[in-house]
Protein chains: 2
Amino acid sequence: MSTKPLSTSSSDEGATVERGGSAAQRDRRRRILDATYALAAEGGFDAVQMRAVAEKADVALGTLYRYFPSKIHLLVSALGRQLDEDAPRLQERPVPGDTPADRVLFVLKRMARGMQGDPKLTEALTRAFMFADSTVTTEIDRVGASMTAIVTHAMRGEDSEAPVTEEEVAIARVLGDVWLATLVSWVTGRASAAETAAHMETAVRLVLR
Amino acid sequence: MSTKPLSTSSSDEGATVERGGSAAQRDRRRRILDATYALAAEGGFDAVQMRAVAEKADVALGTLYRYFPSKIHLLVSALGRQLDEDAPRLQERPVPGDTPADRVLFVLKRMARGMQGDPKLTEALTRAFMFADSTVTTEIDRVGASMTAIVTHAMRGEDSEAPVTEEEVAIARVLGDVWLATLVSWVTGRASAAETAAHMETAVRLVLR
DNA sequence: CACGGAACTGGAACGTGTTGCTGATTATGC
DNA sequence: GCATAATCAGCAACACGTTCCAGTTCCGTG
């Protein structure tokens, strides 16, 4: 057991550096995630090789491992950062659509379009997500929370008041599960984009009625 | 591209040997799958090491790769064989329960119990399933078909007549997706058995009503 | 400023999936 | 029974994730 290298200022942040550290450290972290993102977008999961990330981010391999204890953490963190950046922008305007089903379908289809425009990136992040174990729980939970937030926000339209109900969360989680499974079959080349869209639509209409 | 080593007698069987070949070959295949199964049950995904499988099955590493082109194919094939053996036995008696929801929950919980009794094995097979790419489509589809068959069979109770409807298949697929996602979070240690059971129950009640 | 420890670099090394090679063994057609 | 091809065992080698180590640089503190 070696010295725990970096720690977040306030809370125990599980595995990876978040906001603490010097400016140089925050910059290294950013460079690493940028490199990861670029390599993933270019060549998918297999192209995100730790040596390549380290070189592209201009850090040593050991440093990369100090920041992210595994390739999985690295990729899941990259996905987390992306969602953190996208989520607010996606939620500023009310979602168009007359029924919850319509609105949820709207946001899911928009997400699907986004991911299908970057298939390699999507493949890399999905693979990582699927391969994650309990040491990545922190990061995964963050992604899951973003996901359900997006869906529940779409379910209720204008009246974004009142706390989210149990029922709504349950529905969002089910849809999130279907989304994930569908994503996996798309990523692994077992289903076409059209099939995934149709399947998601079926699921939404089954659950929201 | 080397010579295509083994081929099924009648149809193109994608990647792995099925029933063709000599008795010795069928026996080797069986030994390999047995060894895979045993190692997986004992130590999970990581314990299924190709060298170890080869040794335990008493074949050379090259031979193992001749029969199964990758570790993933190997594990998914093992899962497929297992389902093929279990599915008929599970379907001979009508499923108890008064409503489709009750019956589906019954079979899903029975499956869950089975898998939770063999956590390492389940982990290994789930991981493989998640990591599979399009070269494993044949095997994966077989598993998916078994899964939807089990669920649709449970949805309709006694009256097992009349062809399965589109709607029923759609529902079964959605439940299969939730099942898979839930399984993944259980396998990866991000959710307890009780949580997965509760979540499945919620999903079933949402979809079947 | 000088010190001391944490962080970083560069690189070697290990484990495991995968591939390639060579000679022995087995099956198959005649 | 034999020639020939297919199959197999045994082994070396490669790729990539991960670990480890020795030396160097950075940075806060006395």
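The basis for the numbers below is simple: all heavy atoms, side chains too, and nothing from hydrogens, waters or symmetry mates. Numbers restart at 1 for each chain; the letters A, B, ... are given by sequence-line order, proteins then strands.
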Euclidean distance, atom [atom1] of residue [X] to atom [atom2] of [N] [Å, nearest integer]:
X: B:Leu64; N: C:dG20; atom1: CG; atom2: C1'; result: 16 Å
X: A:His73; N: D:dG17; atom1: NE2; atom2: C1'; result: 14 Å
X: A:Asp58; N: C:dC8; atom1: CG; atom2: C1'; result: 12 Å
X: A:Leu75; N: D:dT18; atom1: CG; atom2: C1'; result: 15 Å
X: A:Leu39; N: D:dG17; atom1: CG; atom2: P; result: 11 Å
X: A:Leu74; N: D:dC16; atom1: CG; atom2: C1'; result: 14 Å
X: B:Arg28; N: C:dT25; atom1: CZ; atom2: P; result: 14 Å
X: A:Asp27; N: C:dC8; atom1: CG; atom2: P; result: 12 Å

Strictly below 4.0 Å, N to O, side chains only: are [X] and [Y] in salt-bridge contact?
X: B:Arg31; Y: B:Asp34; answer: no
X: A:Glu42; Y: A:Lys120; answer: no
X: A:Glu201; Y: A:Arg205; answer: yes

Notebook entry, point to check: Side chains of A:Thr196 and A:His199: is there a donor and an acceptor less than 3.5 Å apart?
Noted result: no
Item checked: Phosphate OP1/OP2 of D:dC8: any B:Tyr67 side-chain N/O under 4.0 Å -> yes
Next item on the list: Between C:dT9, D:dA9, D:dC8, spot the one nearest the side chain of A:Val59, thanks.
Entry: C:dT9
Checklist line | Pairwise side-chain contact, B:Lys56 with B:Ile32, heavy-atom cut-off 4.5 Å (strictly under) | finding: no
Checklist line | Listed partners of B:Thr188 passing side-chain hydrogen bond (donor to acceptor under 3.5 Å, both in side chains), at least two apart | finding: B:Arg190
Under-3.5 Å N/O pairs linking protein and nucleotides 11-17 of chain C:
residue: C:dA13; atom: N6; partner: A:Arg51; partner atom: NH2; Å: 3.1
residue: C:dT16; atom: OP1; partner: B:Gln49; partner atom: NE2; Å: 3.0
residue: C:dG17; atom: OP1; partner: B:Val48; partner atom: O; Å: 3.4
residue: C:dG17; atom: OP1; partner: B:Lys71; partner atom: NZ; Å: 2.9
residue: C:dG17; atom: OP2; partner: B:Met50; partner atom: N; Å: 3.1
residue: C:dG17; atom: N7; partner: B:Arg51; partner atom: NH1; Å: 2.8
residue: C:dG17; atom: O6; partner: B:Arg51; partner atom: NH2; Å: 3.0

